[in-house]
Amino acid sequence: MNVSELFDLTHWVSDEIVATQIPEKYEALQAILQQHSQPNQPKQPFETQKNDLTETLNNVPLRKLTKDQLLFLHELGISQAVGEEGIKVIEDILYKNVIDVATSAQKLREIIQKINKGIHKSKQIKAGIDGCVFEEEYETENEVLIRVSFTGHATMSNVADFKNWGNIWYEIGRGIAMAHNASPEDVKIIGATKGSIIFELAVIAAIATTTSGIILAALKVAEKVLDIRKKAEEIRNLKLINKKLADDMEKEADKEKEAGIGEISKKIIQKLKLKKDGEGDKTNALDKAVKNLVNFIESGGEVDFIIPEEEEGEDDESKKKGPDYGNLRITFQEIRQLEDKLKLLESKNT
């Protein structure tokens, strides 16, 4: 995570956690439970406070954050207490695993302490780097940062893997760039980190938009394929004499994946108004890019997008002339939503 991302996260904590009074709403619920735990105290209903808190937690826009920002928010002890995870914890404390009211009140108190500690750290970070942060600037205007993580089966453990994935990402970058009348050199590596290998690529907004569209479509195909494979596994677990049905469903999953990849290419070609006749080199390169990108995602590789913020006070006319960051953000949030759904499906399958 770069410094500007970290600084943006501190602003996000101020706007989405502090300004929405999440700590205070936790405290309101905790105070009633604490009162219930005291002897000879009148019992008051806490549904109003609980509903107010869960509604606020549900509206926290976690999917606007990059993966690195989410990981840092987890380290701050905040992400576990908001969104769907936070609501689940509250339901668990109040209804599912209740020991007694005093214990429930104590658990809420511990959550409040963690949130306040995380907010305090965020404020310290914000104060410490305020005035020293600038937005990422690239060689060309309107560029978007794409962060590629070589994880899962897409990891690099030796130079042979490095060469293999390097070739694959050359084909991905080349195919999508050509579709936008650009060259592979326009997909620039501007940074890399060690450990789990991560490359940071600077690309024009149009290339980022096409890349995000391919990933979103690929995740939809993956969801369908995973569902078919899940059904095949369920049939196997029945231990039927006829095993052909499960094998046929596995083959059907492979066919669905192949057809899905073909459909993604077809839609991207139509959207970019490329012609098979006369622009065959572009369409062939794009086909290859789509297949490689889908396989990268399916192998466990991750692609994240860091989208520039629009200038405050920018008029509608200026926004029309510039890149459509709004739609790119919507696609990015849909990608995050589908990724979460697929992780849940995969964990259930496991």
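Numbers here are sequence positions counted from 1.
- Counting all heavy atoms, side chain and backbone alike, Met156 lies closest to Phe162 at SD-CD1, 3.4 Å.
- Note on Glu223 versus Lys220: no salt bridge recorded, every NZ/NE/NH1/NH2 to OD/OE distance being 4.0 Å or above.
- Taking Phe296 as the reference, Phe150, Trp165, Trp169 meet the ring-ring contact (aromatic ring centres under 6.0 Å, His included) condition, with sequence neighbours excluded.
- Remark: side-chain polar atoms of Asp186 are paired, donor with acceptor, to backbone N or O of Ser183 under 3.5 angstrom.
- Ion pairing between a basic and an acidic side chain is recognised when a charged N comes within 4.0 Å of a carboxylate O; Lys251 and Asp247 show no such pairing.
- For residues 71-82, every residue pair satisfying the side-chain hydrogen bond (donor to acceptor under 3.5 Å, both in side chains) rule, not counting sequence neighbours, is listed here: His74-Gln80.
- Atom CD of Glu84 has 12 or fewer neighbouring heavy atoms from other residues, nucleotides or ligands inside a 6.0 Å radius.
- By the side chain to side chain donor-acceptor pair (under 3.5 Å) test, Asn51 is found to be paired with no residue, residues two or more places apart in sequence or in another chain being considered.
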Quiz prompt | Criterion side chain to side chain contact (heavy atoms under 4.5 Å, CB included) on Lys126 and His11, from CA distance to verdict | solution = CA-CA 8 Å; Lys126 186 178 179 182; His11 279 284; 3.5 Å; yes

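- Side chain of Thr10 to backbone of Ser122: no donor-acceptor contact under 3.5 angstrom is found.
- Of the possible donor and acceptor atoms, none in the side chain of Tyr26 sits under 3.5 Å from a partner among the backbone N and O of Ile115.
- Ion pairing between Asp68 and Arg147 holds under the 4.0 Å rule for side-chain N and carboxylate O.
- For His153, the NE2 atom counts as loosely surrounded, since its 6.0 Å shell holds 12 or fewer non-hydrogen atoms of other residues, nucleotides or ligands.
- With sequence neighbours left out, the side chain to side chain donor-acceptor pair (under 3.5 Å) criterion links Lys257 to Asn295, Glu298.
- Salt bridge annotation for Glu16-Lys64: absent, with no cationic side-chain nitrogen under 4.0 angstrom from a carboxylate oxygen.
- The number of heavy atoms from other shown groups lying within 6.0 Å of NZ (Lys67) is above 12.
- Classification of Asp304 and Arg336 as a salt-bridged pair holds, one side-chain N sitting under 4.0 Å from a carboxylate O.
- In this structure, Thr331 contributes its side chain and Gly213 its backbone to no donor-acceptor pair below 3.5 Å.
- The side chain to side chain donor-acceptor pair (under 3.5 Å) check on Lys50 picks up nothing, with sequence neighbours excluded.
- With hydrogens and angles disregarded, a donor-acceptor distance shorter than 3.5 Å links the side chain of Ser212 to the backbone of Thr209.
- With sequence neighbours left out, Asp161 forms a salt bridge (Lys or Arg N to Asp or Glu O under 4.0 Å) with no residue at all.
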